[in-house]
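Just so you know, ligand 1 is whichever comes first in the structure, and atom 1 is the first atom listed for that ligand. These values consider heavy atoms only, across backbone and side chains, with no hydrogens, waters or symmetry-generated copies.
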Amino acid sequence: MILVTGGAGFIGGNFVLDWLAGTDEPVINVDKLTYAGNLDTLASLKDDARHIFVRADIGDKAVIGELLAKYQPRAVINFAAESHVDRSISGPGEFIQTNVVGTFNLLESVRGYWADLATEAKAAFRFLHVSTDEVYGSLASDDPAFTETKTYEPNSPYSASKAASDHLVRAWHHTYGLPVLTTNCSNNYGPYHFPEKLIPLVILNALAGKALPIYGDGQQIRDWLYVKDHCSAIRRVLEAGVVGETYNVGGWNEKPNLDVVHTICQILDKRQPRRDGKAYAEQITYVTDRPGHDKRYAIDASKLERELGWKPAETFETGIAKTVDWYLERQDWVQNVTSGAYQNWIEQQYA
Ligand code: NAD
Ligand code: DAU
């Protein structure tokens with residue numbers, strides 16, 4: 001049995017679905033169900049005894065301690081976080097609470113559980129912390145891609161809180177011997193992505209005839225990875241990663257934001273042309289830039305490939321086509337996530 005946190009979110013949800021499609025090993029899924037958590041993503045597991053969902057905060061030591069004692073998982077994978085950079089700028093408090101204090105409390109709960117395990121289970125146990133490339137800071141156009149030895153230079157409240165959590169995880173290994181693994185991944189995209197992030201926002205706005213908001217000049221570069229490739233990397237690191245090591249995960253797919261948006265528009269022009277015959281790209285609108293906007297991220301994932309034999313299955317072209325098709329097909333999921341709190345955020349952010 002494994003315990004996953006944040007498994008009702010975008011990446012955690014994909015991870016749980018993929019995990020149970022490939023094995024019968026059960027998953028305890030602990031999620032607070034913030035605005036970003038969505039049980040619709042897990043609807044196919046509703047009557048599946050291998051999936052045990054518990055609504056709880058990773059910072060709640062009493063509940064997490066009880067769950068660990070009851071289910072005795074062989075691993076904990078920590079996806080739970082506040083994850084949206086723009087929200088971290090308008091309200092950093094939740095990011096410190098969940099990403100820093102929450103991770104600290106989770107580590108303490110797990111340490112207490114792990115310390116009392118029998119020798120063999122103790123040696124086999126793993127705590128895998130899911131982190132981001134944003135902790136490394138921003139690159140100039142001619143800088144080499146981030147390796148695992150790059151200094152941490154986080155620039156946003158989000159990335160600073162994730163950097164803090166990475167340091168806590170490292171310290172719990174170094175000081176207490178907790179068997180940890182950390183992954184630092186680039187930008188994900190794919191099914192079940194909450195439409196506050198660039199790619200799903202652009203797909204849905206395009207279809208709704210709304211503006212496609214480009215921050216600044218749209219020349220910021222992100223390194224895109226299809227979410228299912230991130231999930232396969234996490235499974236591989238859990239299986240074979242060396243305790244105490246960190247692994248960069250990326251798709252070797254650096255793209256300026258404007259190119260990403262044009263690619264989505266071109267796919268939609270073919271799949272679902274506008275009624276007026278015009279191109280979706282006509283909806284592109286330049287808006288005020290994100291404060292402190294990082295210029296470029298690029299991940300060097302060669303350690304993961306060399307040492308653990310992992311490679312992404314999708315190119316950006318195949319992954320983005322699958323993603324657009326998924327959003328066209330899954331209007332039911334879209335309808336459910338785009339009401340209430342979502343509408344308030346969109347009105348406030350793009351006013
Ligand atoms: P997400 O915002 O879609 O989902 C986060 C999930 O965590 C939600 O289900 C939410 O309800 C839950 N959660 C939030 N606070 C919680 C708390 N205190 N206790 C329990 N559950 C809580 O995020 P995501 O995009 O799926 O990201 C998952 C992880 O991967 C995060 O740690 C993020 O930093 C990291 N990451 C994301 C990306 C990306 O491109 N999305 C890339 C690299 C790393
Ligand atoms: O790099 C990994 C990170 O990728 C993860 O750690 C974060 O959790 C995840 O949210 C993502 O962060 P970004 O800030 O890169 O993602 P976002 O989709 O918010 O923005 C991608 C780029 O697009 C970024 O340069 C900002 C820009 N953008 C975003 C939005 C929402 C726009 O130009 N317009 C928009 O409306």
Side-chain angles (χ1 to χ4, degrees), residues 4-15 29-39 41-42 54-60 63-64 77-89 94-95 97-99 101-103 105-106 129-136 138 146 154 156 158-159 161-162 165-166 183-190 192-202 205 211-225 227 230 234 249-250 255-258 260-261 284-290 293-299 337 345-346 349-350:
V4 160
T5 73
F10 164 48
I11 304 173
N14 275 285
F15 182 86
N29 183 353
V30 178
D31 196 296
K32 187 178 169 184
L33 295 181
T34 67
Y35 77 92
N38 193 339
L39 287 179
T41 301
L42 304 164
V54 181
R55 184 174 193 180
D57 192 315
I58 54 166
D60 187 335
V63 172
I64 302 292
I77 306 177
N78 184 31
F79 291 95
E82 289 292 336
S83 72
H84 187 33
V85 174
D86 293 320
R87 286 185 192 254
S88 85
I89 294 167
E94 281 297 313
F95 288 72
Q97 201 50 45
T98 283
N99 300 359
V101 181
T103 304
N105 284 340
L106 180 66
H129 180 61
V130 180
S131 192
T132 170
D133 60 358
E134 300 204 11
V135 297
Y136 296 126
S138 184
F146 303 128
S156 72
Y158 164 68
S159 54
S161 68
K162 288 297 287 186
S165 69
D166 292 7
T183 53
N184 293 89
C185 189
S186 60
N187 281 61
N188 285 213
Y189 66 99
Y192 305 109
H193 204 180
F194 192 70
E196 64 186 354
K197 308 279 173 74
L198 179 70
I199 287 180
L201 181 90
V202 163
N205 276 15
L212 310 181
I214 304 285
Y215 296 164
D217 61 4
Q219 292 310 311
Q220 301 81 10
I221 292 171
R222 297 292 181 266
D223 188 350
W224 295 96
L225 182 69
V227 63
H230 188 189
I234 290 170
V249 187
K255 308 267 177 214
N257 294 335
L258 197 55
V260 170
V261 173
I284 288 175
T285 308
Y286 293 88
V287 300
T288 310
D289 208 353
R290 172 185 281 175
H293 199 168
D294 282 342
K295 178 77 182 152
R296 173 180 167 236
Y297 305 139
I299 273 279
V337 298
W345 164 256
I346 294 294
Q349 174 70 4
Y350 299 101

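Not a single N or O atom of A80, backbone or side chain, sits closer than 3.5 Å to an N or O atom of ligand 1. Between H193 and ligand 1, not a single N/O pair is under 3.5 Å apart. Residue E82 has no nitrogen or oxygen atom sitting less than 3.5 Å from a nitrogen or oxygen atom of ligand 1, judged on distance alone. Residue I11 places at least one N or O, backbone or side chain, under 3.5 Å from an N or O of ligand 1. Considering both main-chain and side-chain atoms, N188 comes within under 3.5 Å of ligand 1 through a nitrogen or oxygen pair. Checked by distance only, ligand 1 and K162 come closer than 3.5 Å through their nitrogen or oxygen atoms. Not one N or O of H230 is nearer than 3.5 Å to an N or O of ligand 1, by distance alone. Polar contact check, Y158 against ligand 1: a nitrogen or oxygen pair lies under 3.5 Å apart. At a 3.5 angstrom cut-off on N or O pairs, N78 does not count as close to ligand 1. Distances between N or O atoms of N38 and those of ligand 1 include no value under 3.5 Å.
In this structure, A56 is part of the shell of residues with a heavy atom less than 4.0 angstrom from ligand 1. At a 4.0 Å cut-off, at least one heavy atom of S186 sits close enough to ligand 1 to count as contact. In this structure, Q349 does not count as a contact residue of ligand 2, since none of its heavy atoms falls inside 4.0 Å of the ligand. Contact between A8 and ligand 1 is present, with at least one heavy atom of the residue lying under 4.0 Å from the ligand. In this structure, F194 has no heavy atom closer than 4.0 Å to ligand 1. The closest approach between a heavy atom of V130 and any atom of ligand 1 is below 4.0 Å.
Across every non-hydrogen atom of G59 and N105, the tightest pair is O-ND2, 3.1 Å. Between S159 and E134 the shortest heavy-atom distance is CB-O, 3.5 Å. Minimum heavy-atom separation, T288 to Y215: O-CD2, 3.8 Å.
Relative ring orientation between Y136 and F146 is described as tilted, the plane-to-plane angle lying within the 30° to 60° band.
Using a 4.5 Å heavy-atom cutoff, the side chains of Q219 and L258 are in contact. Between N184 and S131 there is a side-chain heavy-atom pair separated by less than 4.5 Å. Between V261 and L198, some side-chain heavy-atom pair lies under the 4.5 Å cut-off.
Under 4.0 angstrom from ligand 2, the non-hydrogen atoms of I214 all belong to its backbone. Using a 4.0 Å cut-off between heavy atoms, L33 contacts ligand 1 through its backbone alone, with no side-chain atom that close. Counting heavy atoms closer than 4.0 Å to ligand 2, residue E134 contributes side-chain atoms (C-beta onward) but none from N, CA, C or O. Contacts of V287 with ligand 2, taken as heavy-atom pairs under 4.0 Å, are absent altogether.
Taking a cutoff of 4.0 Å between a charged side-chain nitrogen and a carboxylate oxygen, E94 and R87 do not qualify as a salt bridge.
Between the side chain of T41 and the main chain of A8, no donor-acceptor pair closer than 3.5 Å is present. With S161 contributing its side chain and Y158 its backbone, the two residues share a donor-acceptor pair below 3.5 Å.
Within the listing of ligand 2, atoms 22 (C), 23 (O), 24 (C), 25 (O), 27 (C) sit less than 4.0 angstrom from a heavy atom of N257.
Remark: the N99 side chain and the E82 side chain contain no N/O donor-acceptor pair separated by less than 3.5 Å.
For atom 17 (P) of ligand 2, the candidate residues are E196, K255, R290; the nearest heavy-atom contact is made by R290. Nearest to atom 24 (C) of ligand 2 by heavy atom, out of H293, R296, Q219, Q220, is H293.
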>> Pair S186, D133 - check side chain to side chain donor-acceptor pair (under 3.5 Å), show working.
In response: CA-CA 5 Å; S186 60; D133 60 358; 4.8 Å; no

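Atom OG of S83 is separated from atom NZ of K197 by 3.0 Å, given to the nearest 0.5 angstrom.
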